[in-house]
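Each remark here refers to the structure printed beneath this line.
So that the names make sense, note that chain A is the first sequence line, chain B the second, and so on, each numbered from 1.
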Amino acid sequence: QKEVEQDPGPLSVPEGAIVSLNCTYSNSAFQYFMWYRQYSRKGPELLMYTYSSGNKEDGRFTAQVDKSSKYISLFIRDSQPSDSATYLCAMIPMFSGGYNKLIFGAGTRLAVHP
Amino acid sequence: DAGVTQSPTHLIKTRGQQVTLRCSPKSGHDTVSWYQQALGQGPQFIFQYYEEEERQRGNFPDRFSGHQFPNYSSELNVNALLLGDSALYLCASSLGGSQYGYTFGSGTRLTVV
């Protein structure tokens with residue numbers, strides 16, 4: 001079993017829809033949670049990050065972490081064609097000794113059509 | 001403000017050959033990590049370099065080695081290439097142990113034939 005599970009999609013939605021992307025994980029030591037966006041032929045770019053449980057909002061994006069369920073989500077409101085990309089969740093365990101390697105999910109491909 | 005620069009962009013190699021990939025970190029960053037991203041998969045951690053030393057390594061064989069230079073730039077070397085080494089190789093730089101401060105390059109697409 002992988003440490004981080006993410007549905008690869010693809011997910012196709014109409015412009016303006018609310019998108020929900022999710023990851024589950026097995027390692028209870030994960031404490032830092034991130035969402036990266038990766039456009040085709042580009043490297044991942046950090047979109048949102050949260051520490052421990054809770055919600056965080058930034059414009060059209062909301063990140064949620066439920067540590068009791070080992071489940072994280074990213075919501076995109078009023079989705080735009082420019083949001084079409086692969087979304088990767090990533091995590092870092094607590095007490096990683098300062099060597100913060102990212103553990104990624106497989107990524108979900110999202111297509112927003114006009 | 002230059003981000004992370006990787007070279008070359010694309011590379012085709014034959015099985016058994018050796019390859020060297022290069023990375024220049026973002027200005028101000030001193031730590032370089034390398035990731036392998038197979039098609040349709042998330043990036044997998046290879047290793048991390050800080051102060052010219054490998055300080056953490058993922059589950060990759062010794063065929064994968066690296067180096068960090070005094071100017072913080074880094075190289076990834078892969079020996080005895082296998083078809084399964086075909087992937088996008090990503091370099092990420094950061095400042096020290098920052099959890100959120102990773103900046104990724106656009107990667108080197110390696111194809112082994």
remark   = Bottom line for A:P44: the part with an atom under 4.5 Å from chain B's heavy atoms is both
inquiry  = For B:Y72, is the OH atom crowded, meaning more than 12 foreign heavy atoms sit under 6.0 Å from it?
reply    = no
ask   = Hey, do the aromatic rings of A:F104 and B:F45 have their centres closer than 6.0 Å?
value = no
inquiry  = Nearest 0.5 angstrom please: B:F104 CZ to A:L88 CG, how far?
reply    = 8.5 Å
inquiry  = Is A:Y36 in contact with chain B via its backbone, its side chain, both, or neither, using a 4.5 Å heavy-atom distance?
reply    = side chain
task = Name the region of A:T50, side chain, backbone, both or neither, that has any atom closer than 4.5 Å to a heavy atom of chain B.
result = backbone
ask   = Hey, which of A:K42, A:R41, A:R109, A:Q6 has the most heavy atom pairs under 4.5 Å with chain B?
value = A:K42
key: Heavy atoms from other residues, nucleotides or ligands near OH of A:Y49 exceed 12 (cutoff 6.0 Å)   = no
query = Which of these, B:Q56, B:Q44, B:R57, sits in a side-chain contact (heavy atoms from CB on, under 4.5 Å) with A:K101?
reply = B:Q56
task = Could you tell me which portion of B:F47 (side chain, backbone, both or neither) has an atom closer than 4.5 angstrom to a non-hydrogen atom of chain A?
result = neither
request  = Could you walk me through whether B:Y102 and A:L46 pass side-chain contact (heavy atoms from CB on, under 4.5 Å), step by step?
outcome  = CA-CA 8 Å; B:Y102 285 91; A:L46 182 63; over 6 Å; no
Chain A contact via B:Q37 - side chain, backbone, both or neither, heavy atoms under 4.5 Å = side chain
